[in-house]
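Scroll down for the structure; my scribbles are underneath it.
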Amino acid sequence: MMDNKDLEAEIHPLKNEDRKSQENLGNCTDKEEPCKTLPPRSPLSRCRTVAFFLSLFICLFVVFVVSFIIPCPDRPVSQRMWRIDYNTTAAYDFLALEDINRDRIQDVLFLYKNANSSNSPNRSCADEGFSSPCAFVAAASGASGTLFWERPAAQDVTLMQCSSAQQRAHGVLSACILVGGPGSVIALDPFTGETLWSRPGSLEKNASILSLLLGVPDVDSDGLPDLLVLTRENKEVNSYVYSGSTGSQVGHRGSLSTDGEAGSILHVTRTGAYYLLFPCASSLCGWSMKSLFEEMTGRESLLRTDPLWERAINSTTSRVSSPSSGAIRYQMHVPGKAGEDLLLVGSEACVLLDGQDLAPRWTLSDAQVFRKPILGHYKPDTLAVLIENGTGINRQILLLDLSTGAILWHQHLPGLPGVPPSASLLTADHRSAFFFWGLPEGVDANQTETGGPAHSLYMLHPTLPSVLLELATISANIIAFEAVLFEPSRHAAFILLTGPESPAAPGLVSVIKHKVRDCIPDSRVVRLSQDRADSDQAIRDRFSRLRYRSDA
Ligand SMILES: *[C@@H]1O[C@H](CO)[C@@H](O)[C@H](O)[C@H]1NC(C)=O
Ligand SMILES: *[C@@H]1O[C@H](CO)[C@@H](O)[C@H](O)[C@H]1NC(C)=O
Ligand SMILES: *[C@@H]1O[C@H](CO)[C@@H](O)[C@H](O)[C@H]1NC(C)=O
Ligand SMILES: *[C@@H]1O[C@H](CO)[C@@H](O)[C@H](O)[C@H]1NC(C)=O
Ligand SMILES: *[C@@H]1O[C@H](CO)[C@@H](O)[C@H](O)[C@H]1NC(C)=O
Ligand SMILES: *[C@@H]1O[C@H](CO)[C@@H](O)[C@H](O)[C@H]1NC(C)=O
Ligand SMILES: *[C@@H]1O[C@H](CO)[C@@H](O)[C@H](O)[C@H]1NC(C)=O
């Protein structure tokens, strides 16, 4: 049997120890033995202390060095606003974005027409063999608005297009292609402004330029995508192909043996067949790239055709048998459930067609759309399409669900003819902020006829559907407008290119960048319903707090 003390020791072992040490102390006084002192610190423990303080010191030193002595890598500071002016110039409807100095901030490419460049007067049209005035291409820093380069590039420009990052990933030459002057095609390096190649006089001089398609399938077998130019000569659409690498013309001029208009696109079916789609005589026309290339080069092409599409395209008229949307004003690719679908904006209806079997997914028939639709997200991660129904006093902005065609949001918003196009930017909540132009609040169309044109920029975010923010009112003539995320995940801004209405009367041309957030404190809150739960300031604060994100 255990006695009580042992039992207690098992339950409270420490308590027992205490008692023992007390007993020891008692013993110590009783007997004259020297007291047991604490054992002296071993050299090992001293070592540990030294090591601890040494490592702490080294840590602090490293922190100090990193934070104060080694300078941080320079992060370029973006200016909130900048502006570039040119006197006595004409402008072209062209703006492109490209990170030219590789600082991860988008930079701006634009065109103007002048006798000599304002900033470096020793560069004149004559230096490049053009008569004065000629078209200059300029590249400005998105961060500060300083010019990287500007140079005379062509006598005149009808169309200009730069290859996109996605196209480059598929091997398309990193270049900006200019078509214009008397029948010339020119490729420029967007990073330096140098001419990569130039083909003066390769197009018919009288031809009107319809479309420029970068990245058509390789025709000259050099392994790189090529370049297709469509022109209209004597009421017939013709095609020209240039090598993507050298710019030399491939084959001879091809004829599509039908009349047509600008706005063609290259469609790839889900079976991998390429078709050129272009608006023609109140309808949509199509040509298989295989037969076009075979006609132009006289050789057999390895491209495929799709039996379904071959049946859908009438071989004599080239018309695509599809539901009637009337004369095609715009056609664009939109992401579908499996591959790309086609959105057609016609004079009679807007139709979304399946990209493979051309079956209509939805039709919106009672809308008059004169402007290219834009895509954005009204509900999180769900694509919506913004269209403008009508013009002038009766103009209406509609947001449709892309997959069903259902109207998600609509608002009557008068706009003068020639209002700049709309835009959208993705926000961090997987929706989009939408930007569109209209008449300034409280101004009716009657007043503006006397006071000159004025356009207001409105902003909508789907989390506040009953409010529009009037960000800015611009009285200058706007030639191009773009909403831009200059840096990934931050810094939403817009770029305006303003200039004289007619190129025949040169005037002041300006390229202006404004940060969206800087416009919000002075913006006007436009309420679309009677709901007054939030104050104007609370609404501005919510718009100010919006975070943006990049496309990818
Ligand atoms: C442009 O014109 C304005 C007024 O006409 C003038 O003040 C300005 O100095 C001119 N700028 C240049 C670069 O010539
Ligand atoms: C443009 O060039 C012409 C002729 O070289 C010259 O007379 C004129 O002063 C130049 N203009 C500017 C603004 O440098
Ligand atoms: C303009 O002239 C200056 C001096 O003559 C020269 O240093 C500069 O490189 C020239 N700029 C251009 C763009 O030709
Ligand atoms: C070009 O157009 C002019 C007038 O518009 C005409 O006289 C001429 O014959 C045309 N040239 C060609 C090659 O079609
Ligand atoms: C092609 O169109 C023409 C003219 O509209 C028509 O006569 C012909 O029957 C059509 N061909 C086919 C195969 O549908
Ligand atoms: C487009 O506008 C017209 C005229 O204002 C109107 O009759 C029609 O209903 C509108 N369409 C839609 C889809 O709202
Ligand atoms: C605009 O002008 C027309 C004709 O001058 C007039 O009938 C109409 O009432 C005016 N509208 C407004 C809103 O003032």
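Start at 1 and go down the list; that is how both ligands and their atoms are numbered. Count residues from 1 along the sequence.
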Which of the atoms in ligand 5, numbered in the order shown and given with their element, are less than 4.0 Å from a heavy-atom of Thr316?
1 (C), 2 (O)
Given 3.5 Å as the limit, does a donor-acceptor pair link the side chain of Arg527 with the main chain of Val467, or not?
no
Nearest non-hydrogen protein atom, atom 11 (N) of ligand 6:
Asp366 O, 2.6 Å
Considering Asn389, Asn394, Ile387 one by one, which has a heavy atom nearer to atom 2 (O) of ligand 6 than any of the others?
Asn389
Within ligand 5, which atoms have a heavy atom of Thr317 less than 4.0 Å away?
2 (O), 4 (C)
Can you list the atoms of ligand 5 that are under 4.0 Å from a heavy atom of Asn314?
1 (C), 2 (O), 3 (C), 8 (C), 10 (C), 11 (N), 12 (C), 14 (O)
When you measure from atom 7 (O) of ligand 6 to the protein, is at least one non-hydrogen atom found at a distance under 4.0 Å?
no
With distance as the sole test, does Ser283 use its side chain to make a donor-acceptor pair with the main-chain N or O of Cys280 at under 3.5 Å?
no
Which word best sums up how the rings of Trp309 and His267 line up, parallel for under 30°, tilted for 30 to 60°, or perpendicular for over 60°?
parallel
Counting distance only, does the side-chain N/O of Ser282 pair as donor-acceptor with the main-chain N or O of Gly326 below 3.5 Å?
no
Between the main-chain N or O of Arg545 and the side-chain N or O of Asp541, is there a donor-acceptor pair closer than 3.5 Å?
no
Would you confirm whether Gln331, through its side chain, and Gly263, through its main-chain N or O, come within 3.5 Å as a donor-acceptor pair?
yes
Ranked by distance from atom 14 (O) of ligand 6, the top protein heavy atom is Gln396 OE1, 3.3 Å
